[in-house]
Structures are given as C-alpha cells and as structure tokens.
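All chains are named by letter (A, B, ...) in the order of the sequence lines, taking the proteins before the strands, and each is independently numbered beginning at 1. Since this is a predicted model, take the numbers as computed values, not measurements.
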2 protein chains.
Amino acid sequence: MLGEPIRDRRAERHERTKAEILDAAWEVARAEGLAGLTLRDVARKVGMRPPSVYSYFDAKHAIYDAMYAQGCREFLDRGTRLALTGDPLRDLTTGSRMFVEFCVEDPARYQLMFQRTIPGFEPSAESYALAVQALEAMGARLAQIGIADPGAMDMLTALTTGLADQQISNDPGGDRWLKLVDEAMEMFFAHIKNRTHGRTH
Amino acid sequence: MLGEPIRDRRAERHERTKAEILDAAWEVARAEGLAGLTLRDVARKVGMRPPSVYSYFDAKHAIYDAMYAQGCREFLDRGTRLALTGDPLRDLTTGSRMFVEFCVEDPARYQLMFQRTIPGFEPSAESYALAVQALEAMGARLAQIGIADPGAMDMLTALTTGLADQQISNDPGGDRWLKLVDEAMEMFFAHIKNRTHGRTH
DNA sequence: GTCTATACTAGGATAGAC
DNA sequence: GTCTATCCTAGTATAGAC
C-alpha cells in the first residue's frame, strides 16, 4: 500500500497563511494602535474577506494570543543571545538595555505583553507558560549576577519598566529615557551593594 | 422691565446631569476596563437612552476628555494638600507616595491619564493645560527639594511610574511594589547626592 | 479545506418627532 | 431634553459554493 507522504503540504500552507495573517495583524496594530486592530483591516491586507480569517483563528482574541506568544518567543530568544561577561554591573546593564529596547521598539507589543488594556483578553495557558518561562530565564540570569532577593528584583522590574514606559509615553521615537538606563543600573547596583553590606533598611 | 434671574436653574440642572453621567462613566470604566466603556452602559446607568447622552457630551471621546480633566484636577488638589516638612528626602518620599497611591487606587484613571491606549483619544487643549499645570506644580516642589536637573527628574518619573505600573499590572489590590516606595526614594536620593558631589558620570 | 455571501448583534452617531 | 428610528462599522456565526 501507499505510504503517507512525510510532509503535509496542506498543513504547511495553512501555517504559512496563519503566519501571513499574524504579520498583517502586527502591521495594523502598529499603525492603528493595539486596540485599533480590526479583523477587516487584517483581512483586507492579506486579500481575504473578514469571515475567512476564522478558518485560521477562532476569534480576534486568538490573534492577540498568537501575537502574545510570538512576543514571548522573541523575548526569550534575545535573552539567549545576550553577550554576558561575568561582570555583574556590566551584565545587569546589558540585560536591562535589551529589555528597555525590546519594549520601546514596538509599543504595540509592549502594550500587549506588559499592560492589560484589551478588555477581555487574557493569554491562553500555553502562551502564558511562555511568559513564565521568559520571566524565569531572566530570574536565573539575575541570580547569576547575585540578585536573588525578591524585593531587589521587584525594584529592578519597576525601574526598567518605568524607563520603558516613560520613553514610550512621553518621548516616542526619542531616547530621553533610553539613555538613562546605564545610570539607572549604576544607581540600582550601588543601592543593593549598600543593602547587603550592613544596614538592612 | 423684569431683571434676569441671577441663577440659571436650567444650566445648573444641565451641569448636575453631566456630573451624573461622568460618575456613571467612571463606574463603568472601573468595572469593564477603560476601553470597555460603552455609551449604552453609561446611558442605562443614568436611566437614559443612548442618544440622549449626546445632549450632554458631543461624543464618547468628550466623556473621556472630561474624565481626564477631572483626574488632573484631583491630582492637582492632592499636590496642594501635601504636608511637606522641608526635609528633602522626607518630602520627596511623601510626594512619591502620593503619586503612586493616586495611580494605584484607580487603574482606569491611571490608564486614561498616563498611558495612551485609547485609539484616537487625545485630551483637548483645555484638559491638557490642566495636565501641564499639574506637572509644573510637581516640578516646582522638586525644585524646592533641590532636584532641578532634567535628567534627575526623568529618572524620578521613571522610578515612580514604574512602581505604580508594576503594582497595577502584577499585584492589583496588593502592596508588593507600593511598599518599595520609601526604599526607592532612599536609593534615588543617595544617587543624586552622589552625582552632585564630584563625579559627573 | 478554503473562501464567500449573508445575517445577526453591539456600539457610536445622527435626524427628526414630541 | 428626551425619545424613536435609522445608519455605519465591527465582531461573529452559519450555510454553502468551489
């Protein structure tokens, strides 16, 4: 009897179309704002009628979810590529710079991943698992640097998201807060060194 | 001839109804998310049909705008009420605590005032003037404390909005980041003292 | 499997009767 | 000032053509 083909060309085509729709969704979200994303715009961009999109994604939120997962994967990937040296302050700065740049370079993605502004959207369990994985990878890197105290980690996330947030909200396209990342890490590093040496408060 | 009445009862009633609609809008925004605000929900809450709301606000964005202005006025007011002592670190902490608490106590308001997530919404010139006024009042207080350097102010806004943002996004209703405000201000204060004494970088 | 036509509902907005 | 009726856009479901 005939063997089944190794490659499923139909499935491959389906995946390619899904990817095409996702790319279009990112374009629309960047242009119109994340909440301004409409299936009609996406459909038009890929040359379909709106209902056809449902062959690939069950609902608009499923598109958001796929975008969310994609963002997580990209973030994980960049974490892997970080060129770390073993010098704590240097590596801390490298990591924070990567994070802030990641946020700033795509505000729509930042809004999707780190803010909760789409009514009713919550990442699926699978997508959220990716986010947890990314967070854990970051935690592991920080532990290597010597930052394991939860309070210190919370302070650091506040500092880096604050820099990203202000850059996006108040100086889009500029570098007014981006260029403060190095100084912020010096400040933070001096602070935690101070804390571990003696005074607890 | 008859003098015109001093009070315009009709206008007063109109203003009262406007205020009622605004209150309802805040309730809906808090319950459904800022972007989940619908005129229908607001109308139902005040006992009107949706089109009747247009007698009071030209458009949905006009409601957002009035909410924005209201938020600015409340923030200005709290700035006025701050009990400052003349001690720089103490006053800095008091002000930052006020800011973070203001943000955290109403995430919908925070989103409206400090994030730009409603597609197409921009505050009117009048409302934005209030925001500028609030910012300037804050700048004046910081100058009194001895923080006039723009870079230092940017660092401070990043730190405080970051604390607020993380608290709202990752621990709503809790105090995981709220309780870091004092420590953050110590860190920041030590840093700028360090900067002004000698090394520029 | 893929796409379209069609229709339904929610929501913002306008026109006109009362 | 408030209502009813209406229109447009958008998300979504279904049926059916190919």
Side-chain angles (χ1 to χ4, degrees), chain A residues 4-5 7-25 27-29 31-68 108 112 117-122 124, chain B residues 7-22 24-29 31-68 108 112 117-122 124:
Chain A
E4 284 175 6
R7 281 171 58 195
D8 184 342
R9 303 186 70 90
R10 213 181 297 267
E12 280 173 18
R13 189 175 123 76
H14 191 81
E15 284 311 306
R16 268 202 307 279
T17 308
K18 267 185 101 159
E20 211 185 316
I21 290 171
L22 265 189
D23 287 347
E27 276 182 57
V28 176
E32 309 294 327
L34 186 67
L37 179 70
T38 69
L39 291 184
R40 284 168 156 77
D41 284 347
V42 173
R44 180 155 1 106
K45 225 174 242 287
V46 297
M48 285 178 183
R49 301 291 173 166
S52 304
V53 177
Y54 282 84
S55 304
Y56 301 91
F57 294 97
D58 282 346
K60 191 182 177 187
H61 277 13
I63 297 183
Y64 280 134
D65 192 58
M67 292 166 81
Y68 182 91
L112 178 63
T117 57
I118 304 295
F121 171 69
E122 260 195 297
S124 62
Chain B
R7 283 172 56 196
D8 184 342
R9 304 184 72 88
R10 211 180 300 265
E12 280 173 17
R13 191 176 122 75
H14 192 82
E15 284 312 305
R16 268 202 307 279
T17 309
K18 266 187 101 159
E20 213 184 314
I21 290 172
L22 265 189
W26 279 113
E27 277 183 57
V28 176
E32 308 294 327
L34 186 67
L37 179 70
T38 69
L39 291 183
R40 282 167 158 78
D41 285 346
V42 173
R44 181 155 0 106
K45 224 174 243 286
V46 297
M48 286 178 182
R49 300 290 173 165
S52 304
V53 177
Y54 283 84
S55 303
Y56 300 91
F57 293 96
D58 282 347
K60 192 184 178 187
H61 277 12
I63 297 183
Y64 280 133
D65 192 58
M67 293 166 80
Y68 182 91
L112 178 63
T117 57
I118 304 294
F121 171 67
E122 260 195 298
S124 63

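For the pair Ile21(B) CD1 and dG1(D) C1', the interatomic distance rounds to 11 Å; values are reported in whole Å. Arg49(A) has its CZ atom 18 Å from the C1' atom of dA13(D), to the nearest Å. Remark: P of dG11(C) and CD1 of Ile118(B) are 15 Å apart, rounded to the nearest angstrom.
Taking CZ of Arg13(A) as the start and CD of Glu20(A) as the end, the distance is 9.0 Å to the nearest 0.5 Å. Distance check, rounded to the nearest 0.5 Å: OG1 of Thr117(A) to CG of Leu34(B) gives 9.5 Å.
Contact of the Lys18(B) side chain with the Glu15(B) side chain is registered, since non-hydrogen atoms from C-beta on lie closer than 4.5 Å.
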query: Which letters describe nucleotides 12-18 of chain C, given B = protein heavy atom under 4.0 Å from base, S = only from sugar-phosphate, - = neither?
result: BBB----
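A tilted orientation is assigned to the rings of Tyr64(A) and Phe121(A), their planes being inclined by 30° to 60°.
A heavy atom lying under 4.0 Å from DNA chain C marks none of the residues of residues 10-20 of chain B.
Pairing each heavy atom of Ala25(B) with each of Ile63(B), the nearest pair is CB-CG2, 3.7 Å. Among all heavy-atom pairs drawn from Val28(A) and Gly36(A), the shortest one is CG1-O, 4.5 Å. Scanning both residues, Lys60(B) and Ala35(B), for their nearest heavy atoms gives NZ-O, 4.5 Å.
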List, one per line, each side-chain donor-acceptor pair under 3.5 Å for residues 44-58 of chain B, sequence neighbours excluded.
unit_1: Arg44(B); atom_1: NH2; unit_2: Asp41(B); atom_2: OD1; d: 3.3
unit_1: Lys45(B); atom_1: NZ; unit_2: Glu27(B); atom_2: OE1; d: 3.3
unit_1: Ser52(B); atom_1: OG; unit_2: Arg49(B); atom_2: O; d: 3.4
unit_1: Ser55(B); atom_1: OG; unit_2: Ser52(B); atom_2: O; d: 3.3

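Using a 4.0 Å heavy-atom distance criterion, Phe57(B) is classed as making no nucleic acid contact.
Residue Ser52(B) places at least one side-chain N or O under 4.0 Å from the OP1 or OP2 atom of dC3(D).
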